[in-house]
Structure formats: C-alpha cells, structure tokens
Amino acid sequence: MTKQGQSGGRKVREGTVVSDKMEKTVLVAIASNIRHRLYRKTVRRVRRLMAHDESNEAHLGDRVRIIESHPVSRHKRWRVIEVLVRAELPEVAPESIDLDLLGEIKREGAVEETSAPVATAAEAVDEPAVPALDEPEEVAVAGPAPEQVAAPPDVEAAEAEGPPEAPEAVASEPPAIE
C-alpha cells in the first residue's frame, strides 16, 4: 500500500527556475546525485521539467516546489505549488550594469572631469601611458646626418649605370641524333 499523504501519493520535487519567458510556464532544473553502477562515482544529473505556474509568481532563479499533475500541455506534467526562496536578481539589464561599473572605475592618479561622459573600456583598464603621435620627437643621432653619409664607390657606379640587364640567351642547337 502506498503512502497517501498531503500530496495524495504524487511525486513532489524541489528545483530552481531556469527560465520564466513563457506565459504560465516555468522551466525548473532538478539536480540529483546518483552513484554510477560500474565506476561507483557520484554523478550529478540535472533534469529540466516544465511546470504550470497559473499566477506567474515564479521568476528566474527562484527555488520552487513542484508536484506531479495531469497533462496540462504536450510537455507540461508538473505544477508549481509554492515558491520557497525568492532570488534577488537585479532589475537592470547586464549591459547597463557593465556601463555603470565602467563609469565608476577610475584610473590611478586621474582627475575626474565633470563634463566627461561614461569612461570607455580602454580608459577603465590600467594601461601604460602612450605618447601622443601628433608631436614629433627630436632624436639626437650620433654621427653625420643621413644625407651626408657617403655610399661605397661600387654602389655609386652601379646606381649611375642603371638597373642591371639580363644576360642574353645564347641559342644553341641540340646535337643531332643519327
């Protein structure tokens, strides 16, 4: 004889809501640890079940209790009984959070400007200072200037003559075979 308790002999499971994008339906992940028959190692199994949530009270990350029920739709065979623990997820999109954090991070020794917009990712990361390319720097060169350096005499003669010409091809007839 089976145990007829508060749930009437139906299976009751606890899991975490991993998706709440559907109307009146949540996707609940139920994790269980089982021992492998051959290797005797504990393996974690995760089952994802669709559960009917009539009042849309379960949200992403919430810990819920679900119970087995009659088929509600093609894949839904479970119903949400109660929300055990509410997840404290931010109401802001992740992209907005990242931009806010970047605005708060300041470079070491940098002075904050009141009219400056939110800092970019390159400004938020501590990078070594790179000199501006607009101003040419004067570099002291040891020795004479490049135009005053004389080239070796054989290079000067070769440049005066022009580019070297290809050797003329000598036409030779192949030996006749008799």
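Since the structure is predicted, the reported quantities are computational estimates derived from the model, not experimental observations.
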So how far is it from Ser7 OG to Glu68 CD, rounded to the nearest 0.5 Å? 9.5 Å
Least distance between heavy atoms, Ile66 atom then Ala51 atom: CG2-CB, 3.9 Å
Is there a donor-acceptor pair closer than 3.5 Å between any side-chain N or O of Asp20 and the backbone N or O of Val26? no
Are the side chains of Met50 and Trp78 in touch, meaning some heavy atoms are under 4.5 Å apart? no
Group every Ile, Leu, Val, Met, Phe, Trp and Tyr by side-chain heavy-atom contacts under 4.5 Å, then state whether Ile30 and Val64 land in the same group. yes
Is there side-chain contact between Leu38 and His36, with at least one heavy-atom pair below 4.5 Å? yes
Within-4.5 Å side-chain heavy-atom neighbours: Arg10 and Arg79: yes
So does Arg74 get a backbone contact from the side chain of Arg77, meaning a donor-acceptor N/O pair under 3.5 Å? yes
Could you tell me whether the side chain of Arg86 reaches within less than 4.5 Å of the side chain of His59, counting heavy atoms only? yes
Tell me whether Arg45 contacts the main-chain N or O of Ser32 through its side chain, where contact means a donor paired with an acceptor under 3.5 Å. no
Is there a side-chain contact (heavy atoms from CB on, under 4.5 Å) between Leu84 and Glu14? Walk through the geometry before answering. CA-CA 9 Å; Leu84 301 172; Glu14 289 182 9; 3.5 Å; yes
Cluster overlap Val72 with Val80, hydrophobic side-chain contacts below 4.5 Å: no
Ile67 side chain reached by Lys11 side chain, heavy atoms, under 4.5 Å: no
Going from OG1 on Thr16 to CG on Leu60, what distance comes out if it is rounded to the nearest 0.5 angstrom? 10.0 Å
Could you state whether Met22 and Val18 fall into the same hydrophobic cluster, counting links through intermediate Ile, Leu, Val, Met, Phe, Trp or Tyr residues with side-chain heavy atoms under 4.5 angstrom apart? yes
Is the shortest side-chain heavy-atom distance between Arg13 and Arg65 below 4.5 Å? no
Write down the atom of Asp62, the atom of Glu57, and the distance for their closest heavy-atom approach. OD2-O, 4.1 Å
Mind listing the closest non-hydrogen atom pair of Ala29 and Val46 along with its distance? CB-CG1, 4.0 Å
Shortest non-hydrogen contact between Ala58 and Asp53, atoms and distance: N-OD2, 3.0 Å
Going from NZ on Lys76 to NE2 on His70, what distance comes out if it is rounded to the nearest 0.5 angstrom? 9.5 Å
Any idea which heavy atoms bring Asn56 and Lys24 closest together, and the distance? OD1-N, 2.9 Å
